[in-house]
Trainee: 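Just passing along the structure, written as structure tokens.
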Amino acid sequence: MYRAPRGTTDILPNDQRYWTYVHSVARDVVSRYGYKRLDTPIFEQTDLFTRGVGEVTDIVEKEMYSFLDRGGDSITLRPEGTASVCRAYLENGMHNLPQPVRLFYTSPTFRYERPQAGRFRQHHQFGVEALGEPDSYIDTEIIDMAWKFMRDLGLQNLRLLINNIGDTECRPHYLDSLRAYYDNQLTVLCKDCNQRFYRNPLRLLDCKQEICSEISLNAPRSVDYLCSGCKYHWDTLIGYLDRIELPYSIEHKLVRGLDYYTRTVFEIQPENAGSQGTILAGGRYDGLIEELQGKATPGIGFATGIERIILALKDQGVSIPEEDPIKFVLTYMGDQAKLEAVHVLSILHEAGINSIMAPSGKSLRAQMRYANNIGVSYVLVLGDEELENGSLVLKDMAGGSQRTIDLRAVVQELSSI
RNA sequence: GUGGACGUGGCCAAGUUAGGUUAAGGCGCCAGGUUGUGGCCCUGGAGAUCGAGGGUUCAAAUCCCUCCGUCCACCCCA
């Protein structure tokens with residue numbers, strides 16, 4: 001028997017209402033903030049991601065779905081959304097539009113990883129990006145939008161963590177002082193952290209090992225090393241966030257795994273979530289567009305994992321609206337009635353009434369049982385009697401009562417139910 | 001990629017420790033009990049080569065090996 005490939009899954013009809021719900025809340029939020037949808041291809045040339053995401057990130061080094069196409073070009077299934085958006089921004093001359101350009105996307109995303117709860121090889125991200133605005137008010141807007149998105153979904157007990165990891169001017173100094181701090185403790189640090197020390201010192205901060213995490217408590221903080229530009233950006237951001245009373249907490253150990261982040265980084269996670277608990281994350285990436293050979297253009301955005309959001313919704317028991325239930329099942333007895341049933345259904349569908357035919361070859365009893373099993377509210381019955389006098393029986397499944405309606409008024413009668 | 005747990009009809013699941021005739025049970029599905037009426041109840045039915053392949057044995061769901069997959073933790077990330 002064939003199975004879906006490892007780390008992928010079917011999204012079954014019963015689950016679709018969650019997806020519809022998340023998307024509709026998302027659309028609603030972004031439109032309030034003036035963000036427009038941008039769809040980019042599901043694959044790009046590999047180089048876009050190695051340049052954009054960073055050569056030495058895990059995503060690029062070991063998680064990309066890359067292959068040579070028949071023309072010999074290296075193609076990669078998108079492992080994240082931001083690089084593609086920046087490419088599209090440049091390619092379509094959006095730098096000539098009034099700035100900033102506010103965009104959102106929702107798309108499958110691919111990473112070759114070992115699957116785990118809340119982690120898949122194909123997952124779906126919804127994200128927003130604001131390009132061309134350096135000022136921290138746009139950081140505020142993005143973070144505020146992220147928070148309201150979570151709130152509008154009905155999620156509770158969320159933590160909003162923010163930090164500022166500096167830019168190309170001040171981060172080197174910070175990294176120096178980080179290394180200086182950790183240098184004489186290397187023997188105590190875990191194996192992973194010894195590698196991080198050389199490879200990616202920022203990551204020393206968020207190691208989960210008890211010893212390492214204890215040591216990192218007293219590590220230098222990035223916000224103490226900010227250059228004047230970053231410092232101003234950070235201070236004003238905090239001022240704005242306070243003014244709109246967002247319940248953020250500053251997390252000095254918050255760093256992000258993608259190379260392009262500068263200054264503001266943030267995350268939202270449910271309070272008692274597991275290790276894959278981050279459902280939304282984002283930050284500023286002021287150097288990315290330039291890295292992709294555009295004119296230096298600031299940018300900031302966030303991405304959410306829809307699977308993780310849905311896990312959280314289920315975990316918290318948030319009630320999700322049912323979508324488009326079938327209202328009527330049409331039952332019939334005999335071939336003459338069947339012919340008329342086909343006709344009636346055609347009329348109902350034309351009138352926009354959700355209705356389906358009972359399955360063929362069943363007794364009326366079985367047709368009723370079917371209607372009951374699929375949970376429909378009303379049943380229509382067409383038999384010899386009804387055929388003769390041009391009528392239809394309408395049965396209310398909840399109460400069990402039924403009445404006869406005139407076939408000529410069927411649309412009018414059923415529309416009002 | 002590393003470490004651990006697990007895999008029995010669509011779903012839940014007994015049986016696996018001490019191998020032994022037709023692999024429990026529940027939910028769901030189908031039909032009948034009501035030749036024009038569902039839900040409750042009763043009766044019956046379909047549906048599993050026990051994740052896959054190999055091995056040990058007179059005999060394997062049960063023991064051994066390999067692979068695949070799921071879950072948890074790590075790495076990392078949405």
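Lettering follows sequence order; numbering is per chain, from 1.
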Trainee: Among the candidates B:rA31, B:rC76, B:rU37, find the nucleotide nearest to the side-chain atoms of A:Val381.
Mentor: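 Of the candidates, B:rU37 comes closest.
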Trainee: Classify A:Gly127 by what it touches in the nucleic acid, base, sugar-phosphate, or nothing, heavy-atom distance under 4.0 Å.
Mentor: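 No contact.
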Trainee: So what's B:rU62 paired with, Watson-Crick or G-U wobble, going by both distances under 3.5 Å?
Mentor: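 B:rU62 is unpaired by these criteria.
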Trainee: Can you measure A:Arg78 atom CZ to B:rC77 atom P for me and round it to whole angstrom units?
Mentor: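 Result: 18 Å.
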Trainee: With a 4.0 Å cut-off on heavy atoms, is A:Lys191 in touch with a base, just the backbone sugar-phosphate, or nothing at all?
Mentor: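 Touches nothing.
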Trainee: What contact category does A:Phe120 fall into here, base, sugar-phosphate, or nothing, at under 4.0 angstrom with non-hydrogen atoms?
Mentor: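 Base contact - A:Phe120 has a heavy atom under 4.0 Å of at least one base atom.
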Trainee: Could you please name the option among B:rG33, B:rA78, B:rC72 that lies closest to any side-chain atom of A:Ala117?
Mentor: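 Given the options B:rG33, B:rA78, B:rC72, the side chain of A:Ala117 is closest to B:rC72.
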Trainee: Between CG of A:Leu204 and OH of A:Tyr182, what distance do you get to the nearest 0.5 Å?
Mentor: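 It is 5.0 Å, given to the nearest 0.5 Å.
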Trainee: Under 3.5 Å, is there any donor-acceptor pair linking the side chain of A:Asn372 to the base of B:rG39?
Mentor: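 Check fails, no donor-acceptor contact within cut-off.
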Trainee: Can you find a donor-acceptor pair, distance only, under 3.5 Å between A:Arg119 side chain and B:rC76 base?
Mentor: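 For A:Arg119, whose side chain was compared with the base of B:rC76, there is a donor-acceptor pair (under 3.5 Å).
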Trainee: If we count only N and O atoms by modelled type, under 3.5 Å, do the side chains of A:Asp396 and A:Ser401 hold a donor and an acceptor together?
Mentor: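 Their side chains do not contain a donor-acceptor pair, so the 3.5 Å distance test is not met.
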Trainee: Can you say whether the rings of A:Phe302 and A:Phe266 are parallel (under 30°), tilted (30 to 60°) or perpendicular (over 60°)?
Mentor: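 Because their plane-to-plane angle is over 60°, the rings of A:Phe302 and A:Phe266 count as perpendicular.
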Trainee: Nearest to the side chain of A:Lys362 - B:rA31, B:rA78, B:rC71?
Mentor: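 The listed nucleotide nearest to A:Lys362's side chain is B:rA31.
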Trainee: Starting the side chain at C-beta, find the nucleotide from B:rC77, B:rG33, B:rG36 nearest to A:Glu386.
Mentor: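 Looking only at side-chain atoms, A:Glu386 lies closest to B:rG36.
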Trainee: Starting at atom CD1 of A:Ile374, determine the distance to atom P of B:rC30, rounded to an integer number of angstrom.
Mentor: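 Atom-to-atom, A:Ile374 to B:rC30, this comes out as 11 Å.
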Trainee: Would you say the ring centers of A:Tyr112 and A:Tyr65 fall short of 6.0 Å from each other?
Mentor: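 Yes, close enough.
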Trainee: Do A:Glu113 side-chain and B:rG1 base share a donor-acceptor contact under 3.5 Å?
Mentor: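 There is none.
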Trainee: Can you tell me which residue among A:Arg37, A:Arg27, A:Gln125, A:His23 is in a side chain to side chain donor-acceptor pair (under 3.5 Å) with A:Thr106?
Mentor: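 By the side chain to side chain donor-acceptor pair (under 3.5 Å) criterion, A:Thr106 pairs with just one of A:Arg37, A:Arg27, A:Gln125, A:His23: A:His23.
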Trainee: Strictly by Watson-Crick or wobble contacts shorter than 3.5 Å, is anything paired with B:rA13, and which nucleotide is it?
Mentor: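 Per the H-bond distance test, none.
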Trainee: Considering just the side-chain nitrogens and oxygens of A:Gln402, establish if one lies under 4.0 Å of OP1 or OP2 belonging to B:rU37.
Mentor: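 No.
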Trainee: Which residue in the set A:Tyr240, A:Tyr33, A:Tyr35 passes side chain to side chain donor-acceptor pair (under 3.5 Å) when paired with A:Glu141?
Mentor: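 Answer after filtering A:Tyr240, A:Tyr33, A:Tyr35: A:Tyr35.
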Trainee: Would you say a side-chain N or O of A:Lys208 is under 4.0 Å from OP1 or OP2 of B:rA73?
Mentor: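 No, because none of the side-chain N or O atoms of A:Lys208 sits under 4.0 Å from OP1 or OP2 of B:rA73.
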Trainee: Heavy atoms under 4.0 Å, any strand shown: does A:Leu364 hit a base, just sugar-phosphate, or nothing?
Mentor: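 Base contact.
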Trainee: Just by modelled atom types, is the A:Thr297 backbone N or O under 3.5 Å from a matching donor or acceptor in the A:Gln99 side chain?
Mentor: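 Flag not set: sc A:Gln99 to bb A:Thr297 has no pair under 3.5 Å.
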Trainee: Using atom CG of A:Asp259 as one end and atom C1' of B:rC76 as the other, report the distance to the nearest whole Å.
Mentor: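 In whole Å, B:rC76 C1' and A:Asp259 CG are 13 Å from each other.
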Trainee: Could you check, using the six-membered ring where one of them is a Trp, whether A:Phe328 and A:Tyr378 have ring centers closer than 6.0 angstrom?
Mentor: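 Judged by ring-centre distance (under 6.0 Å), A:Phe328 and A:Tyr378 do meet the cut-off.
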Trainee: Not counting sequence neighbours, which residues clear side chain to side chain contact (heavy atoms under 4.5 Å, CB included) with A:Glu413? List them please.
Mentor: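 A:Glu413 satisfies side chain to side chain contact (heavy atoms under 4.5 Å, CB included) with A:Arg403, A:Ile405, A:Ala409 once adjacent residues are dropped.
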Trainee: Need one value for A:Asn373: base, sugar-phosphate or nothing, where a base atom within 4.0 Å counts as base even if backbone is also close, heavy atoms only.
Mentor: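 Sugar-phosphate contact only.
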Trainee: Closest to the A:Glu63 side chain: B:rC76, B:rU37, B:rG36?
Mentor: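 Taking heavy atoms from C-beta onward, the closest nucleotide is B:rC76.
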Trainee: Please state whether the rings of A:His124 and A:Trp19 are parallel, tilted or perpendicular, taking 30° and 60° as the class boundaries.
Mentor: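 Perpendicular.
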Trainee: Given atom CD of A:Gln116 and atom P of B:rC74, what is their separation to the nearest angstrom?
Mentor: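 Distance check: A:Gln116 CD to B:rC74 P gives 7 Å.
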Trainee: Respond yes when some side-chain nitrogen or oxygen of A:Arg256 is under 4.0 Å from OP1 or OP2 of B:rA78, and no when none is.
Mentor: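 Yes, such a contact exists.
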Trainee: How close or far is atom P of B:rC30 from atom CD of A:Gln367, stated in whole angstroms?
Mentor: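 Taking atom P of B:rC30 as the reference, CD of A:Gln367 is at 13 Å.
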Trainee: Whole angstrom is fine here: how far is it from CZ in A:Arg114 over to P in B:rG1?
Mentor: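 Distance check: A:Arg114 CZ to B:rG1 P gives 7 Å.
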Trainee: Searching all strands shown, indicate the nucleotide that pairs with B:rC74 (Watson-Crick or G-U wobble; both distances under 3.5 Å).
Mentor: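 Per the H-bond distance test, B:rG1.
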Trainee: Is B:rA46 paired to anything, Watson-Crick or G-U wobble with both distances less than 3.5 Å, and if yes, which nucleotide?
Mentor: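 Here B:rA46 is not engaged in any pair, so there is no nucleotide opposite it.
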Trainee: I'd like to know if the side chain of A:Arg78 pairs up with that of A:Ser107 as donor and acceptor (distance under 3.5 Å, no hydrogens or angles considered).
Mentor: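 A:Ser107 and A:Arg78 do have a side-chain donor-acceptor pair below 3.5 Å.
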Trainee: Does a side-chain N or O of A:Arg111 approach OP1 or OP2 of B:rC77 to a distance below 4.0 Å, or not?
Mentor: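 Checking A:Arg111 against B:rC77: no side-chain N or O falls below 4.0 Å of OP1 or OP2.
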Trainee: Any salt bridge between A:Asp192 and A:Lys208, counting N to O under 4.0 Å?
Mentor: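 Between A:Lys208 and A:Asp192 there is no salt bridge, as every charged N stays at least 4.0 Å from the carboxylate O atoms.
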Trainee: Within residues 192-200 of chain A, which residues have any heavy atom lying less than 4.0 Å from an atom of RNA chain B?
Mentor: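 Residues of residues 192-200 of chain A that come under 4.0 Å of RNA chain B are, in numerical order, A:Asp192, A:Arg196.
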Trainee: Using purine N1 to pyrimidine N3 plus N6-O4 or O6-N4 for Watson-Crick, or N1-O2 and O6-N3 for G-U wobble, both under 3.5 Å, which nucleotide pairs with B:rA18?
Mentor: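 Matched B:rA18 with nothing under the 3.5 Å cut-off.
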Trainee: Let me know, please, whether A:Ala303 or A:Gly361 comes out on the 5' side of the other along RNA chain B by nearest nucleotide.
Mentor: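 Mapping each residue to its closest nucleotide by heavy atoms, the 5'-most match is A:Gly361.
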Trainee: B:rC77 base to A:Arg308 side chain: any donor-acceptor pair below 3.5 Å?
Mentor: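 Checked by distance alone, the answer is yes.
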Trainee: Pair A:Ser377, A:Lys327 - check side-chain contact (heavy atoms from CB on, under 4.5 Å), show working.
Mentor: CA-CA 6 Å; A:Ser377 306; A:Lys327 268 190 158 169; 5.6 Å; no
Trainee: With both distances under 3.5 Å as the test, what is the Watson-Crick or G-U wobble partner of B:rG69?
Mentor: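 With both distances under 3.5 Å, B:rG69 matches B:rC6.
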Trainee: Using a heavy-atom cut-off of under 4.0 Å over every strand shown, decide if A:Ala371 touches base, sugar-phosphate, or nothing.
Mentor: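 Nothing: the residue A:Ala371, judged by heavy atoms under 4.0 Å, touches no strand.
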Trainee: Grab the CG-C1' distance between A:Leu392 and B:rG36 for me, whole Å please.
Mentor: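 To the nearest whole Å, that distance equals 14 Å.
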Trainee: Report which part of the nucleic acid A:Glu307 touches: base, sugar-phosphate, or nothing (heavy-atom distance under 4.0 Å, all strands).
Mentor: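 Nothing: the residue A:Glu307, judged by heavy atoms under 4.0 Å, touches no strand.
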Trainee: Measure CG/A:Asp58 against C1'/B:rC74 and give the value in whole Å, please.
Mentor: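 My rounded result for the distance is 12 Å.
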Trainee: Start at the 5' end of RNA chain B and walk down; is the nucleotide closest to A:Ser363 or to A:Val376 reached first?
Mentor: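 Nearest nucleotide further toward 5': that of A:Ser363.
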Trainee: Which one is paired to B:rU57, where only Watson-Crick or G-U wobble pairs with both distances under 3.5 angstrom count?
Mentor: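 Paired with no nucleotide.
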Trainee: Going by heavy atoms closer than 4.0 Å, what residues in residues 3-18 of chain A are next to RNA chain B?
Mentor: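 Those residues whose heavy atoms fall under 4.0 Å from RNA chain B, taken from residues 3-18 of chain A in numerical order, are A:Arg3, A:Arg6, A:Gly7.
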